[in-house]
Trainee: 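This is the structure I want to talk about, given as structure tokens.
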Amino acid sequence: MSENANNVVLNNSLIVTEPLYAQPHALGKIFGLSRTTVWRFITEMESCAEYKNASISLNNRLKLIKIKDFEKFLQSQHKQWLTPPMAYR
């Protein structure tokens with residue numbers, strides 16, 4: 001691939017990028033959650049069709065999660081603990 005203005009930074013300005021994916025332990029640090037809570041939320045996310053593409057499992061020890069999807073899932077869980085399960089209604 002040849003270098004051109006579309007794929008190379010041509011000036012010395014500071015370029016800031018946001019990470020797209022994070023490992024579960026990093027999500028805990030970003031959102032202030034325990035490792036157990038992060039894994040519980042990831043398991044719940046993966047069971048939802050809406051978040052089926054939110055994680056990438058590269059091998060049995062490396063999983064990456066889309067940070068924006070994880071945040072969206074957390075927001076969807078806001079105050080859900082106040083709603084009793086269907087069996088108790």
Side-chain angles (χ1 to χ4, degrees):
M1 178 156 74
S2 64
E3 296 178 4
N4 61 49
N6 293 325
N7 64 12
V8 176
V9 177
L10 299 175
N11 60 24
N12 293 332
S13 64
L14 178 65
I15 298 174
V16 178
T17 62
E18 291 185 27
L20 302 176
Y21 290 87
Q23 292 182 18
H25 71 86
L27 290 174
K29 291 178 182 178
I30 292 169
F31 293 101
L33 301 170
S34 72
R35 183 181 61 180
T36 305
T37 301
V38 168
W39 278 104
R40 182 170 48 89
F41 284 149
I42 290 170
T43 302
E44 288 180 37
M45 274 180 65
E46 291 176 335
S47 68
C48 296
E50 180 181 355
Y51 300 104
K52 72 176 187 171
N53 294 320
S55 67
I56 299 173
S57 184
L58 298 172
N59 61 41
N60 66 335
R61 299 193 62 181
L62 180 57
K63 182 174 280 211
L64 299 174
I65 310 297
K66 283 185 185 175
I67 296 170
K68 289 189 181 201
D69 284 353
F70 189 79
E71 181 178 17
K72 184 178 172 185
F73 178 78
L74 289 179
Q75 290 171 346
S76 75
Q77 298 300 301
H78 179 58
K79 293 192 178 183
Q80 290 298 312
W81 57 274
L82 293 173
T83 307
M86 293 297 285
Y88 296 112
R89 290 185 191 174

Trainee: List the atom pairs, with distances to 0.1 Å, where a side-chain N or O of residues 59-67 and a protein N or O form a donor-acceptor pair under 3.5 Å, not counting sequence neighbours.
Mentor:
from, atom 1, to, atom 2, distance (Å)
Asn59, OD1, Arg61, N, 2.7
Asn59, OD1, Leu62, N, 2.9
Lys63, NZ, Glu46, OE1, 3.4
Lys63, NZ, Glu46, OE2, 2.7

Trainee: Taking side-chain hydrogen bond (donor to acceptor under 3.5 Å, both in side chains) as the test, write out the residues that go with Thr37, two or more places apart.
Mentor: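 Applying side-chain hydrogen bond (donor to acceptor under 3.5 Å, both in side chains) to Thr37 gives Ser34.
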
Trainee: Report yes if the side chains of Met45 and Glu50 come closer than 4.5 Å at any heavy-atom pair, otherwise no.
Mentor: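 The answer is no; the side chains never approach within 4.5 Å.
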
Trainee: Could you grab the distance from atom CD of Glu44 to atom CZ of Arg40, nearest 0.5 Å is fine?
Mentor: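 Those atoms lie 6.0 Å apart.
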
Trainee: Could you measure the distance from the CD atom of Gln23 to the NZ atom of Lys29? Nearest 0.5 Å is fine.
Mentor: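 Going from CD on Gln23 over to NZ on Lys29, the span is 10.0 Å.
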
Trainee: Are Phe73 and Asp69 packed together at the side-chain level, in the sense that at least one heavy-atom pair is separated by less than 4.5 angstrom?
Mentor: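 Of all side-chain heavy-atom pairs linking Asp69 with Phe73, none is under 4.5 Å.
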
Trainee: Between atom CD1 of Ile30 and atom CD of Glu71, what is the distance when rounded to the nearest 0.5 Å?
Mentor: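 Atom-to-atom, Ile30:CD1 and Glu71:CD are 9.5 Å apart.
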
Trainee: Kindly check if the number of other-residue, nucleotide or ligand heavy atoms within 6.0 Å of CZ (Arg35) is above 12?
Mentor: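 Counting neighbours around CZ of Arg35, 12 or fewer heavy atoms of other residues, nucleotides or ligands fall under 6.0 Å, so no.
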
Trainee: Between Phe70 and Leu33, is any pair of side-chain heavy atoms under 4.5 Å apart?
Mentor: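 Yes, close enough: below the 4.5 Å cut-off.
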
Trainee: Kindly compute the distance separating CZ (Phe41) from CZ (Phe31), expressed to the nearest 0.5 Å.
Mentor: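 So the gap between those two atoms works out to 11.0 Å.
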
Trainee: Is there a path from Ile56 to Tyr51 through hydrophobic residues (I, L, V, M, F, W, Y) whose side chains come within less than 4.5 Å of each other?
Mentor: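 No; Tyr51 is not reachable from Ile56 via cluster members.
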
